[in-house]
**Student:** 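What follows is a single structure, and I will ask about it in a moment.
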Amino acid sequence: PMFLVDGNQIKDEISSLPGNYRWSFDLLCKEIESSLVLGLNKFVLFPAVSDYLKDPMASYSYAEENFYLHAIRGVKERFPEAVLMSDVALDPYSSDGHDGLVSNGEILNDETLPILAKMSIAQAQAGIDIIGPSDMMDGRVGYIRNALDGEGYTDVSIMAYSAKYASAFYGPFRDAVGSATNLGKGSKETYQMDPANSDEALREVALDLAEGADMVMVKPGMPYLDIVRRVKDEFKVPTFAYQVSGEYAMIKGAALNGWIDGEKVMLESLMAFRRAGCDGVLTYFAIEAAKAIGAGKG
Ligand code: PBG
């Protein structure tokens, strides 16, 4: 996962995600180039959008001039071997900080779907390989799949954030994209899942697969490895987990304080994802882990 901002020569460290940055396109390209050398060729890109561009309809998400869409195009032109995954949700662009449209304090599920579809098509036009709907609106995978197919983007895949819990572990991410301030005291509990519920994850995964998801994801990761195992055993489809920002921050914070052996804990945590049945892990440790593994430590 990498964060992007508009501008030039920007490498802005995210204070709650030490070692992770908001990159402008030029420096992002350098980072991608060095990652490719390490054997990392899959990148999930998230935009950090200036407040003045946010509105209740998240209209900047598919605007012609959107820097994120330009960056996707630019990276694919320079590095055709890089596999890019997007984020599809309203929150980076929404003045309400929510993943869906809000009216009188309620999320409008069905009214959100056309916006998610427009965003997905704009990303497909820019050259994205994998669409990553992280919004948790009901029916969005099928809606997006139809929209993409209708525009001829049949080869663009979908990795559904299928079992995404309403978690406090997303804190540093919300700092990184600036949605924390917009969201204020608001919560995503009406559309993200109840952390106490395990069976619902299977229902969500089943729905997303029926609607056309190519891959499914469980999120957060480490506290939800029981869900990963259930999903993998039940469906035997490509199953991913997201070791989210708060998980990274906990390990990194303790390591920086000298309280744990950061490298060993990182590698052990990634091994645990594999043991639980993950085919892949989205992690802010990717570069560090690739270096450690390359050096024969993992
Ligand atoms: C929102 C989105 C979130 C993350 C990925 N996409 C946060 C949220 O739901 O508020 C979290 C990732 C992380 O914490 O690393 N569309």
**Student:** With heavy-atom distances below 4.5 Å as the criterion, would you say the side chains of Pro1 and Tyr242 are in contact?
**Tutor:** yes

**Student:** For Ser61 and Lys118, what are the C-alpha separation, side-chain angles and deciding distance, and is it a side chain to side chain contact (heavy atoms under 4.5 Å, CB included)?
**Tutor:** CA-CA 8 Å; Ser61 63; Lys118 276 193 199 174; over 6 Å; no

**Student:** Could Arg145 and Glu211 be called an ion pair, given the rule that one side-chain N must be under 4.0 Å from one carboxylate O?
**Tutor:** no

**Student:** Give the minimum heavy-atom separation between Leu4 and Ala71, together with the two atoms involved.
**Tutor:** CD2-CB, 3.2 Å

**Student:** Is a side-chain N or O of Asp96 found less than 3.5 angstrom from the main chain of His98, in a donor-acceptor match?
**Tutor:** no

**Student:** Check this for me: does any side-chain nitrogen of one of Glu288 and Lys252 sit under 4.0 Å from a carboxylate oxygen of the other?
**Tutor:** yes

**Student:** Arg140 pairs by side-chain hydrogen bond (donor to acceptor under 3.5 Å, both in side chains) with which of Asp99, Thr112, Asp208?
**Tutor:** Asp208

**Student:** Salt bridge or not between Asp129 and Lys76? Use side-chain N to carboxylate O under 4.0 Å.
**Tutor:** yes

**Student:** Under 6.0 Å between the ring centres of Phe3 and Tyr21?
**Tutor:** no

**Student:** For the side chain of Ser35 and the backbone of Glu31, is there at least one donor-acceptor N/O pair under 3.5 Å apart?
**Tutor:** yes

**Student:** Strictly distance-based, threshold 3.5 Å: is any side-chain N or O of Arg274 a donor or acceptor partner for the main-chain N or O of Cys278?
**Tutor:** yes

**Student:** Are Tyr165 and Tyr224 near enough that their ring centres are under 6.0 Å apart?
**Tutor:** yes

**Student:** As a test of understanding, state which of Asp6, Asn8, Val75 forms a side chain to side chain contact (heavy atoms under 4.5 Å, CB included) with Phe25.
**Tutor:** Val75

**Student:** Is there a donor-acceptor contact under 3.5 Å from the side chain of Asn109 to the main chain of Met137?
**Tutor:** no

**Student:** Are Lys30 and Asp26 ion-paired here, with the side-chain N under 4.0 Å from a carboxylate O?
**Tutor:** no

**Student:** Check this for me: does any side-chain nitrogen of one of Lys164 and Asp135 sit under 4.0 Å from a carboxylate oxygen of the other?
**Tutor:** no

**Student:** What pair of heavy atoms forms the shortest contact from Val88 to Ser120, and how long is it?
**Tutor:** CG2-OG, 3.7 Å

**Student:** I'd like to know if Asp51 and Lys54 make a salt bridge, using a cut-off of under 4.0 Å between side-chain N and carboxylate O.
**Tutor:** yes

**Student:** More than 12 heavy atoms of other residues, nucleotides or ligands under 6.0 Å from CD of Glu13: is that the case?
**Tutor:** yes

**Student:** Taking all heavy atoms of Leu148 and all of Ala124, pick out the closest pair and write down the distance.
**Tutor:** CD2-CB, 3.9 Å

**Student:** Classify the angle between the aromatic ring planes of Phe173 and Phe46 as parallel (below 30°), tilted (30 to 60°) or perpendicular (above 60°).
**Tutor:** perpendicular

**Student:** I need the minimum non-hydrogen distance between Phe235 and Leu202, along with the two atoms involved.
**Tutor:** CZ-O, 3.4 Å

**Student:** Quick one: closest heavy-atom pair of Ser167 and Pro220, and the distance?
**Tutor:** OG-CG, 3.3 Å

**Student:** So, is the end of the Lys219 side chain (NZ or CZ) under 6.0 Å from the ring centre of Phe169 and within 45° of the ring's axis?
**Tutor:** no

**Student:** What are the two closest heavy atoms between Met215 and Ser157, and how far apart are they?
**Tutor:** CE-CB, 3.9 Å

**Student:** Which of these passes side chain to side chain contact (heavy atoms under 4.5 Å, CB included) with Val228: Asp233, Asp279, Val218?
**Tutor:** Val218

**Student:** Heavy-atom distance under 4.5 Å between the side chains of Leu101 and Ile107, does that happen here?
**Tutor:** no

**Student:** Test side chain to side chain donor-acceptor pair (under 3.5 Å) on Gln9 and Ser24 and set out the steps.
**Tutor:** CA-CA 6 Å; Gln9 293 294 309; Ser24 57; over 6 Å; no

**Student:** Side chains of Gln123 and Ser86: donor-acceptor distance under 3.5 Å anywhere?
**Tutor:** yes

**Student:** Go through it in stages, so that I can follow the logic: the residues are Tyr93 and Tyr62, the test is side chain to side chain donor-acceptor pair (under 3.5 Å), and I'd like the CA-CA distance, side-chain angles, deciding distance and then a yes or no.
**Tutor:** CA-CA 10 Å; Tyr93 312 97; Tyr62 50 86; over 6 Å; no

**Student:** So, Ser95 versus Asp55: side-chain donor-acceptor pair below 3.5 Å or not?
**Tutor:** no

